[in-house]
S.K.: 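Got a structure for you, written out below as structure tokens; questions coming shortly.
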Amino acid sequence: MADENADIEGTVEDEDESSDDPDLQLELNVFRAQWMSELKPSSGASGTSNRLLQAKSLRKAQEIAREEKATELFLRAVQEEQNGAVYEAIKFYRMAMQLVPDIEFKINYSRPPDADRGGGNYMEDSDADGEIEDLLAYFEQQLSVEGSFPKICTPEVEMTQVHISALPREILMYIFRWVVSSDLDMRALEQLSLVCRGFYICARDPEIWRLACLRVWGRKCTKLVPFTSWREMFLQRPRVRFDGVYISKTSYIRQGEESLDGFYRAWHHVEYYRYLRFFPDGHVIMLTTPEEPLSVVPRLRTRNTRMDSVLLGHFRLSQETGNQTKVFAVVCKKKDEKATDFQRNRFCRRNPAPEAEHSFHVGLALSSGGHQSFSKLVWIHHSCHITYKLTGETVVTTFDLDRMYTPFFFARVKSYTAFSEQPL
């Protein structure tokens, strides 16, 4: 047995000496250590635990070596790109990402004070894990180090026209409020923050997120507790979404009339949709129709829709004990001016039907479905209130919530936030 071990060790050493590739040498060292640990005698649980500890330590050492190699290749690619050798830079970028796919986010390639004279060396971030916990504070610190009057951003190439960095910060923040708009398009604000570190800082401005929270919850969000920032409140606190429409699809089979000869009876497959469109100012649109979303959704962009069967009204959010958020809405049909003109006609019947107002009260429970947050609304109440104008009497009819009341699911519509009519 000892002779076999000696032969194996000699073979591995010969292969190790003949190879110059550092990755191959690292793999051979790991293989040799694992092989020797398996050949050593072990007894009981202590031997098993020792082998597990050795395997973990070897795996960790291998990951550290791979990350160091990937960091070296990535920084070399950055240097080649600055020197104009784009093809060489792409090659080194690819080699680094093959070793560690997210190496770009684990290092901080920043110039030291004498980088221009020394050929553009780079310093690695001092964090042990390679991640920046507070990116906003890090960017603000970088801007403060650059000068006493730092700019939000700097042009990448020389420009003959005025760059956006020449604008005062107050005007830039007003532009950001136009990006968010009165429709609360916070998704566009998050995308704008990816442009540069200055835009990232502006997009995290607490005043923008505070105004957005006030538009959603009104006076109920005067305190941040238990959240740490207005942005965290807007992203995590349950709310309805305004950048799309909630859709509920209901289908059932209904028995038809029997044929005249009595040989067969028809069956009908009935299918219809319910649509709910919420607006940041508290308005809501409700529509029940057999038309498919492809033809209905574009016509629900604004409240001034010309669809006759649409119901308009207001909604409010209610958060009760147990963190259960509910949505209550009261909708009614648009007032028809033609009806009053018809009653003035002399051919109108002498005993017209009593004037009455119909309103529908809807209660929904807000929850998350799938990968999207606040994307599901479940029915908890539906009733019809009929108020007679002559007597002032109100008759309430409550509907039973059976299988015909299927949940609403949210669908994002890009055209709803494509234009900004008013700033935030």
Side-chain angles (χ1 to χ4, degrees), residues 78 81-82 104-105 108-111 113 115-116 125 131-218 221-224 227-237 239 241-244 279-281 301-302 373 412-424:
V78 173
E81 184 179 2
Q82 287 199 344
E104 181 181 0
F105 305 99
N108 175 28
Y109 43 97
S110 58
R111 287 179 179 266
D116 294 334
D125 192 5
E131 296 181 358
I132 302 174
E133 295 182 359
D134 193 351
L135 194 60
L136 178 61
Y138 176 74
F139 283 161
E140 290 179 345
Q141 182 182 5
Q142 280 190 331
L143 288 178
S144 62
V145 169
E146 291 181 357
S148 57
F149 299 99
K151 291 185 176 181
I152 292 297
C153 57
T154 55
E156 187 176 1
V157 295
E158 295 184 0
M159 301 182 62
T160 57
Q161 300 177 351
V162 178
H163 192 255
I164 193 172
S165 60
L167 296 176
R169 183 161 182 171
E170 293 77 10
I171 297 180
L172 194 62
M173 294 306 303
Y174 187 70
I175 295 175
F176 275 53
R177 290 176 57 187
W178 267 101
V179 172
V180 176
S181 75
S182 57
D183 296 328
L184 295 185
D185 187 10
M186 311 308 291
R187 184 186 182 92
L189 183 66
E190 293 291 293
Q191 293 176 344
L192 190 61
S193 67
L194 302 177
V195 175
C196 62
R197 60 184 180 182
F199 279 21
Y200 184 91
I201 295 174
C202 293
R204 295 298 188 273
D205 186 71
E207 184 63 20
I208 292 181
W209 294 95
R210 187 185 71 85
L211 293 175
C213 292
L214 287 176
R215 289 293 304 273
V216 176
W217 294 285
C221 65
T222 55
K223 297 181 180 180
L224 279 174
F227 305 100
T228 58
S229 64
W230 294 107
R231 180 174 179 270
E232 183 181 353
M233 175 188 288
F234 187 87
L235 296 178
Q236 296 185 5
R237 187 173 177 179
R239 56 180 172 80
R241 298 184 58 176
F242 310 115
D243 56 344
F279 296 90
D281 57 358
R301 185 179 182 275
T302 62
S373 301
R412 178 172 169 263
V413 184
K414 295 182 180 179
S415 61
Y416 286 175
T417 56
F419 303 97
S420 298
E421 298 180 356
Q422 293 179 355
L424 175 63

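Both backbone and side-chain heavy atoms feed into the values below; hydrogens, waters and symmetry mates do not.
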S.K.: Report the distance from atom CG of D183 to atom CZ of R215, rounding to the nearest 0.5 Å.
M.R.: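 The CG atom of D183 sits 8.5 Å away from the CZ atom of R215.
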S.K.: Is there side-chain contact between L211 and V180, with at least one heavy-atom pair below 4.5 Å?
M.R.: no
S.K.: From T302 OG1 over to F279 CZ, what is the distance, rounded to the nearest 0.5 angstrom?
M.R.: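 Going from the OG1 atom of T302 to the CZ atom of F279 covers 6.5 Å.
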S.K.: Looking at P423 and W178, what are the two nearest heavy atoms and their distance?
M.R.: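 Of all heavy-atom pairs spanning P423 and W178, the closest is CD-CZ2, 3.5 Å.
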S.K.: Using 0.5 Å steps for rounding, measure from the CZ atom of R210 to the CG atom of D205.
M.R.: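 The distance works out to 10.5 Å.
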S.K.: Closest heavy-atom contact between V179 and S420?
M.R.: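 In this case the closest contact between V179 and S420 is O-OG, 4.2 Å.
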S.K.: Grab the two heavy atoms, one from W217 and one from M233, that are nearest each other, plus how far apart they are.
M.R.: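 In terms of heavy atoms, the two residues are closest at CH2-O, 3.7 Å.
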S.K.: Decide, yes or no, whether a salt bridge links E190 with R187 under the criterion of side-chain N to carboxylate O below 4.0 Å.
M.R.: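 The answer is no: the pair does not qualify as a salt bridge.
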S.K.: Are R239 and F234 close enough that some pair of their side-chain heavy atoms sits under 4.5 Å apart?
M.R.: yes
S.K.: How far apart are the C-alpha atoms of M186 and W209, what are their side-chain angles, what is the distance that settles it, and do they pass the side chain to side chain contact (heavy atoms under 4.5 Å, CB included) test?
M.R.: CA-CA 9 Å; M186 311 308 291; W209 294 95; 3.4 Å; yes
S.K.: How far does CD of E421 sit from OG of S182, to the nearest 0.5 angstrom?
M.R.: 6.0 Å
S.K.: Heavy atoms, side chains only, cut-off 4.5 Å: are F419 and R301 in contact?
M.R.: yes
S.K.: Is it the case that the ring center of F199 lies less than 6.0 angstrom away from the ring center of F176?
M.R.: yes
S.K.: With rounding to the nearest 0.5 angstrom, report the SG to CE distance, C202 to M173.
M.R.: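 Going from the SG atom of C202 to the CE atom of M173 covers 5.5 Å.
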S.K.: Whether the side chain of R412 engages the backbone of D243 through a donor-acceptor N/O pair (distance < 3.5 Å, no angle test) should be reported.
M.R.: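 No.
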S.K.: Are I201 and R169 side-chain neighbours, meaning at least one heavy-atom pair lies under 4.5 Å?
M.R.: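 When only atoms from C-beta onward are counted, R169 and I201 do touch, with a gap below 4.5 Å.
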